[in-house]
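Input: a single structure, listed below in structure tokens.
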Number of protein chains: 2
Amino acid sequence: MAVARTLMKREPPARKRRGHGAVLISDVARLAGVSAITVSRTLNKPQIVADSTRRAVQAAVDRLGYIPNRLAGNLASTQTRTIGVVIPSLFSNIFADSVRGMTDVLGSEGYQVLLGVTDDSLDMETKHVVSLLGQRVAGVILTGGMHQRRTRELLKNSGVPVVETNVMVRSSIDMVVGYSNEAAAYAMTRHLARCGYRRIGFVTTPMERNDRAQARRAGWLRAVREFGLVERAGLFREATLTVSHGARAFGEMLASDPDVEAVFLAHDMLASGAMFEARRRGLRVPDDVGIAGFDDLDIAQEFVPALTTVRTPRYAIGSTAARMVLQRIRGEATGSACVDMGFEIVQRDSTRRPPA
Amino acid sequence: MAVARTLMKREPPARKRRGHGAVLISDVARLAGVSAITVSRTLNKPQIVADSTRRAVQAAVDRLGYIPNRLAGNLASTQTRTIGVVIPSLFSNIFADSVRGMTDVLGSEGYQVLLGVTDDSLDMETKHVVSLLGQRVAGVILTGGMHQRRTRELLKNSGVPVVETNVMVRSSIDMVVGYSNEAAAYAMTRHLARCGYRRIGFVTTPMERNDRAQARRAGWLRAVREFGLVERAGLFREATLTVSHGARAFGEMLASDPDVEAVFLAHDMLASGAMFEARRRGLRVPDDVGIAGFDDLDIAQEFVPALTTVRTPRYAIGSTAARMVLQRIRGEATGSACVDMGFEIVQRDSTRRPPA
DNA sequence: ATTCTCCATGTTAACGCTACCATGGCCGTC
DNA sequence: GACGGCCATGGTAGCGTTAACATGGAGAAT
């Protein structure tokens, strides 16, 4: 039989086919009476195909319900229109705002976002980066500037444009867009000092693998020392990012240091917890205790009293990061860039007014 | 020179190569002294490779920093380990919880989530589904049971396992996991009626493209009629999903129907807004007005008074949906399934106690 | 000792698309 | 009227991996 097969010239091999039976570009081509490459052009660069051809191809596509296999297309063109985005958590509108900024910019340019969530684990971050590079993303947007050495090396060697967001870092992988968490926390603490508070507590999300949290604590501490405020171990707490943990952290602070005059919580959800805890304990805000948050979420302005907080340009960070990646992909920009988007202290009623 | 090259036998063709210069499986194979397929096996099915070979290959992989090209791998195997997940919004912990449930289950089985966000637009949903199918995902998890006809057809024709979540639908595309929004809203309204409230307002997120919101309204309305409660146009409002809009909707309801006795808001964020608005107006909760929410977010229990709400099994919905997709992929399950995960009324202090 | 199995590994041909180069027809130029 | 250039379209090879089948050697079975 093997001999017979060898003798027959145009006989297809008996080998088993692996395909799924899905509609292929060749099916469309046959129906439209053109070649496969013309179908490809109709779908990807319609302007270089003659009107009549385009209509015929489009009709065939519609009739067969053809959906191009992007795996094959991306492999053949050795490029994708996908940007990998790695964020610490889905449980916070902070990142949702930034992601929205990215998808708005990228979507309009035909690019897509591939999202990875790390839960503040650097191991997870590395895994996501490996996975993203394996899928040959055209760019990567990370949160923060703290990464495993392996992550940095993989990204640098890949040659893919990278943006680190929400921070200002000294030795970036490639590009950076964000604001100084240290400066923001310093500015808020200074504001509280000017309002007349002297014993100012600070609560942040766990700092171990989170350079934004570390920077915020550093900013608070610098202000505490610079303005000669009360420095005591009990005035610093870590709490995971839920309203309840914010409440609990503030409660514990009150237990250890009942004379605390103000708390600055490095996230509005934590601050919300503190507001509720104050209410439960019958503490008047801002008279008995001042409370300040971070991020200016929607809820901050609705609190009674409204919450003093730090406004951060989340959407703009996302859209800017996306734009920078696109520019780099197109070769319109080279060299590293570090964009400081700034922040803003939003004075509301949960802290006393500074003397005029 | 061209002639010389033609004469040399093993010279590669003069055609331009398209590759990126990245490390290839063949590079690893050469360094390890094995064939490409052995590298592939070492990475994908290590147990069928001899120990010594595996070590040699692994060393070569590490030394070269080889990252397999998933585009090529998935194309060659005509399968991916990616599940497409489509959710309406990133601005709500509801979906974050479900997505976490999915990634927990899928991640441990070597599968990955590809997330698409629709912003409650059915056009966007269709676009995402097309994109997901183009990437040949192994399964799709949707939110809700309301889709464009094209979406349903594409998914049915694709033969890919599909789960619709957060609803109970009559004519599902494939499988369903969720709870009855109608029953949940009915149950909460009944609860409010038993607490003695007669004029019960209802606020939901915009219903136009959201069958969950529609079902909640239907449940409220059924209870209103069944229990002979006051039915008035002003007692129904739509508000986009922010704390501020919840506050505003409640404010407007009070303006048009000052004698409203309780409001049921179909999301805890909306309910938070109402709680704040009540406080601002000096209304005592639950005496002057009862307030109930939906979803039992973390914040609900922290409010003063704590918020009565409907607890929904968000994480379990996500993990169950993921498990169902995996079973179907593995051929362990066939036929459609419709799993009702139920819900729970959580009575707290923002509504009066029902008579014992 | 011989045959049969099994195991580890190799060879080859897909997977489904697009980049690259080629071709043929039409138009304008000299 | 021959030639050059441009435009629309096509043929072919390649993108980088893995499925399918092939092979060769060690050990088991007879």
Side-chain angles (χ1 to χ4, degrees), chain A residues 1-2 5-6 11-30 32-57 61 64 66-81 133-136, chain B residues 2 12-30 32-57 61 64 66-81 133-136:
Chain A
M1 186 174 134
R5 186 184 291 155
T6 313
E11 188 70 9
R15 233 171 208 210
K16 215 184 278 178
R17 285 298 162 105
R18 291 178 253 157
H20 274 10
V23 179
L24 305 181
I25 200 170
S26 53
D27 299 324
V28 177
R30 200 172 312 117
V34 298
S35 68
I37 188 69
T38 298
V39 176
S40 171
R41 288 191 185 113
T42 306
L43 264 21
N44 299 319
K45 302 166 193 160
Q47 69 285 1
I48 70 165
V49 174
D51 276 10
S52 57
T53 310
R54 193 187 318 142
R55 277 194 298 274
V57 170
V61 166
L64 297 176
Y66 171 62
I67 297 183
N69 185 326
R70 290 269 161 259
L71 298 170
N74 291 338
L75 177 61
S77 62
T78 62
Q79 60 160 300
T80 63
R81 292 174 85 79
L133 293 177
Q135 298 180 58
R136 299 299 188 260
Chain B
R15 228 170 212 210
K16 215 183 276 176
R17 285 297 162 105
R18 290 179 253 158
H20 274 11
V23 179
L24 304 182
I25 200 170
S26 53
D27 299 325
V28 177
R30 199 173 311 119
V34 297
S35 69
I37 190 69
T38 298
V39 176
S40 171
R41 289 192 183 111
T42 305
L43 264 22
N44 298 320
K45 303 165 192 161
Q47 68 284 0
I48 69 165
V49 174
D51 278 9
S52 57
T53 310
R54 192 187 321 142
R55 278 194 299 273
V57 170
V61 166
L64 297 177
Y66 171 62
I67 298 182
N69 185 327
R70 290 268 160 260
L71 297 171
N74 291 339
L75 177 62
S77 62
T78 61
Q79 58 160 301
T80 62
R81 292 174 86 77
L133 293 177
Q135 298 180 57
R136 299 301 187 259

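None of these values were measured; they are calculated from a predicted model. Letters A, B, ... mirror the listed sequences (proteins, then strands); counts begin at 1.
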Quick one: label B:N44 by what it contacts on the DNA or RNA (base, sugar-phosphate, nothing), any heavy atom closer than 4.0 Å.
sugar-phosphate
Output yes when at least one side-chain N/O atom of A:T53 is less than 4.0 Å from OP1 or OP2 of D:dT9, else no.
yes
In whole Å, what is the span from the CG atom of A:N74 to the P atom of D:dG14?
21 Å
Measure across A:L71 and B:T80 and return the closest heavy-atom pair with its distance rounded to 0.1 Å.
CD1-CG2, 3.9 Å
Of the nucleotides C:dA8, D:dT9, D:dG16, which one has an atom closest to the side chain of B:N69?
D:dG16
Quick one: A:D51 CG to D:dA8 C1', roughly how many Å, whole number?
12 Å
Between B:K45 and C:dT9, is there a contact of a side-chain N or O with OP1 or OP2 at under 4.0 Å?
no
5' precedence on DNA chain C between B:A72 and B:I48 (nearest-nucleotide basis)
B:I48
Given atom CG of A:L71 and atom C1' of D:dG16, what is their separation to the nearest angstrom?
12 Å
Using a heavy-atom cut-off of 4.0 Å across all strands, would you classify A:I37 as base, sugar-phosphate, or nothing?
base
Would you indicate which nucleotide in C:dT18, D:dT18, C:dT9 comes nearest to any side-chain atom of B:S40?
D:dT18
Please classify the nucleic acid contact of B:R41 as base, sugar-phosphate, or nothing, using heavy-atom distances under 4.0 Å.
base
How do B:S35 and A:L75 order along DNA chain C: which one's closest nucleotide is nearer the 5' end?
B:S35
Under 4.0 Å between a side-chain N/O of A:Y66 and OP1 or OP2 of C:dC17, yes or no?
yes
Nearest to the side chain of B:S77, which nucleotide is it out of D:dT18, D:dG10, D:dT17?
D:dT18
Among the candidates C:dG16, D:dT9, D:dG16, find the nucleotide nearest to the side-chain atoms of B:L24.
D:dG16
Output yes when a side-chain donor or acceptor of B:R54 lies under 3.5 Å from a complementary backbone atom of B:V49, and no otherwise.
yes
Heavy-atom count check: over 12 atoms from other residues, nucleotides or ligands less than 6.0 Å from B:R136 CZ?
yes
